[in-house]
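Take a look at the structure set out below.
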Amino acid sequence: MNDDIKLAALWLRKAQSAVVFTGAGISTESGIPDFRSPGGVWTKYRTVYFDEFCESAEARHEYWTQKVEAHTQFAEADPNIGHRTLAKWEQQGTIRGIITQNIDGLHQLAGSREVMELHGTAREVYCLDCAAHFPVDPFVEQFRETNEVPLCPECGDGRLKHATISFGQSLPERLLQLAYQWCWEADVILSIGSSLVVYPAAGLPEVGKRRGAKLVIVNRDPTGLDEIADILLPGSCGEALAAIDEEI
Ligand code: NAD
Ligand code: ZN
């Protein structure tokens, strides 16, 4: 384990283009449950598909009820040592940036700038009808007070949705292509806190590895890409990142 930490640090130090891929596991130490945790907001409610959201006022109300409850967790969460370490690595030029599946915005709050949010962000809403974007907080407040789905202040009655990718919605094509390019060009890929089973996102570290990058996986449980990893660090994301940082 110690040798693996040292080797991962050595690869990162020598890398020309190290890319970090993160999932929900890096944020659990900030108090945001991951996808599979029992009792998490994500497991408690039924899924509202994108088509339903577009077509049904009842589905939009269900969606907003769920999102407003989840919002409390995001709003109260602070970046942890894992997020902060990655922000520092970007500043000192150790990594090129982060591709994340997370929607919590904690990488940016920690100071990271090069962040690709594949699944969007829960810190904004946007209008499906006129495409205007707004910070999420006032609309969450409004829903809490009125229990009515807020409408777009820009066009008057547009349908407002969180700026995250819903089930049934495809990932933004240009962003995904850029993410693939980063992995294609990477010599080290560090995957942190993702079960690496949700495609197409999980295919990114895989593509990098097949192109010759070293693949380092930090995750508490087994992942979909353990078989092809060069180094596996099972355990806490925060502890592993702090340990690697000490060696760098
Ligand atoms: P996932 O739930 O499928 O996998 C998370 C992985 O992290 C698990 O394998 C778990 O073993 C591991 N993990 C949890 N806590 C850890 C810790 N402290 N240290 C090390 N490993 C830990 O999540 P996913 O693969 O990222 O996919 C779920 C999807 O749901 C995401 O794509 C995202 O869009 C959404 N989601 C986002 C958030 C967020 O933004 N924080 C939270 C939950 C779900
Ligand atoms: Zn609008």
Side-chain angles (χ1 to χ4, degrees), residues 20-45 47 66-67 69-83 85 98-110 115-123 125-134 139 149-167 169 171 176 179 190-205 216-226 232-243:
V20 174
F21 181 83
T22 64
I26 195 174
S27 294
T28 58
E29 288 164 61
S30 290
I32 302 173
D34 65 17
F35 200 66
R36 276 145 237 268
S37 300
V41 180
W42 279 271
T43 55
K44 223 159 81 183
Y45 292 106
T47 303
Q66 298 178 19
K67 287 291 182 176
E69 188 177 331
H71 181 80
T72 316
Q73 287 167 349
F74 290 123
E76 289 170 359
D78 292 316
N80 63 55
I81 180 83
H83 300 103
T85 301
I98 300 168
I99 302 168
T100 188
Q101 294 181 289
N102 294 344
I103 55 174
D104 56 37
L106 291 183
H107 286 304
Q108 290 91 332
L109 271 183
V115 184
M116 276 187 228
E117 294 175 305
L118 293 180
H119 294 171
T121 176
R123 301 212 177 241
V125 293
Y126 75 106
C127 173
L128 290 179
D129 299 289
C130 78
H133 277 68
F134 309 93
F139 297 99
V149 175
L151 298 175
C152 173
E154 185 70 27
C155 66
D157 62 353
R159 296 159 298 175
L160 286 180
K161 182 185 168 301
H162 282 60
T164 55
I165 306 294
S166 289
F167 287 97
Q169 230 180 338
L171 268 58
L176 191 60
L190 183 55
S191 175
I192 303 164
S194 172
S195 55
L196 295 173
V197 289
V198 187
Y199 278 79
L204 288 159
V216 181
I217 296 179
V218 182
N219 206 59
R220 206 170 48 196
D221 297 302
T223 80
L225 296 183
D226 284 3
L232 283 179
L233 298 169
S236 143
C237 297
E239 284 172 20
L241 286 168

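One-based numbering along the sequence shown. Please read these numbers as outputs of a predicted model, since none were measured by experiment. Whatever order the structure lists ligands and atoms in, that order sets their numbers, starting from 1.
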Numbered atoms and elements of ligand 1 in range of T28, under 4.0 angstrom, heavy atoms:
14 (C), 15 (N), 16 (C), 17 (C), 18 (N)

Could you name the option among G193, G235, G25 that has the heavy atom nearest to atom 20 (C) of ligand 1?
G235

Heavy atoms only, cut-off 4.0 Å: how does Q101 contact ligand 1, side chain, backbone, both, or neither?
both

Interatomic distance, F139 atom CZ to H162 atom NE2 [nearest 0.5 angstrom]
10.5 Å

Within-shell test, P33 vs ligand 1, heavy atom, strictly < 4.0 Å
yes

Taking 4.0 angstrom as the limit and counting only heavy atoms of S194, give me the atoms of ligand 1 inside it, by number and element.
25 (O)

Verify the neighbour count for atom CD of E29: are there more than 12 heavy atoms of other residues, nucleotides or ligands below 6.0 Å?
yes

Could you check whether any side-chain N or O of S166 sits under 3.5 Å from a backbone N or O of Q169, counting only pairs where one atom can act as donor and the other as acceptor?
no

So the atoms of ligand 1 within less than 4.0 Å of a heavy atom of I32 turn out to be 41 (N)

Treating D104 as the side-chain partner and F74 as the backbone partner, does any N or O pair qualify as donor plus acceptor under 3.5 Å?
no

If hydrogens are left out, which of S195, P234, S236 has an atom nearest to atom 4 (O) of ligand 1, that is, the closest non-hydrogen atom?
S195

Which of the atoms in ligand 1, numbered in the order shown and given with their element, are less than 4.0 Å from a heavy-atom of E29?
17 (C), 18 (N), 19 (N)

So that I know where these two stand, are Y126 and F134 an aromatic pair - ring centroids less than 6.0 Å apart?
no

Donor-acceptor contact present, side-chain S30 to main-chain D78, <3.5 Å:
yes

Answer yes or no: does an N/O atom from C237 fall short of 3.5 Å to an N/O atom of ligand 1?
yes

Q108 and side chain to side chain donor-acceptor pair (under 3.5 Å): which partner among R123, H83, E117?
E117

Is it true that a side-chain atom of H119 and a backbone atom of Q101 form a donor plus acceptor pair closer than 3.5 Å?
yes

Taking every heavy atom of N219 against every heavy atom of P222, the minimum-distance pair comes out as ND2-O, 4.4 Å

Would a distance-only check, ignoring hydrogens and angles, find a side-chain to backbone donor-acceptor pair under 3.5 Å from D129 to R159?
yes

For atom 37 (C) of ligand 1, which candidate among N102, V218, I165, D221 holds the nearest heavy atom?
N102

Is there a nitrogen or oxygen of L196 sitting under 3.5 Å from a nitrogen or oxygen of ligand 1?
no

Counting only heavy atoms closer than 4.0 Å, does ligand 1 sit against the backbone of S27, its side chain, both, or neither?
side chain

If you apply the rule side chain to side chain contact (heavy atoms under 4.5 Å, CB included), what do you find for V216 with L233, and how did you get there?
CA-CA 8 Å; V216 181; L233 298 169; 4.2 Å; yes

Going by atom types only, do T100 and T22 share a side-chain donor-acceptor pair under 3.5 Å?
yes

Against heavy atoms of G23, which atoms of ligand 1 measure under 4.0 Å?
26 (O)

Given that the side chain starts at C-beta and the backbone is N, CA, C, O, which of these parts of R220 lies under 4.0 Å from ligand 1, counting heavy atoms, or is it both or neither?
both

With a 4.5 Å cut-off on side-chain heavy atoms, are I217 and L225 touching?
yes

The Zn ion (ligand 2): protein N, O or S atoms [distance under 2.8 Å]
C127 SG, C130 SG, C152 SG, C155 SG

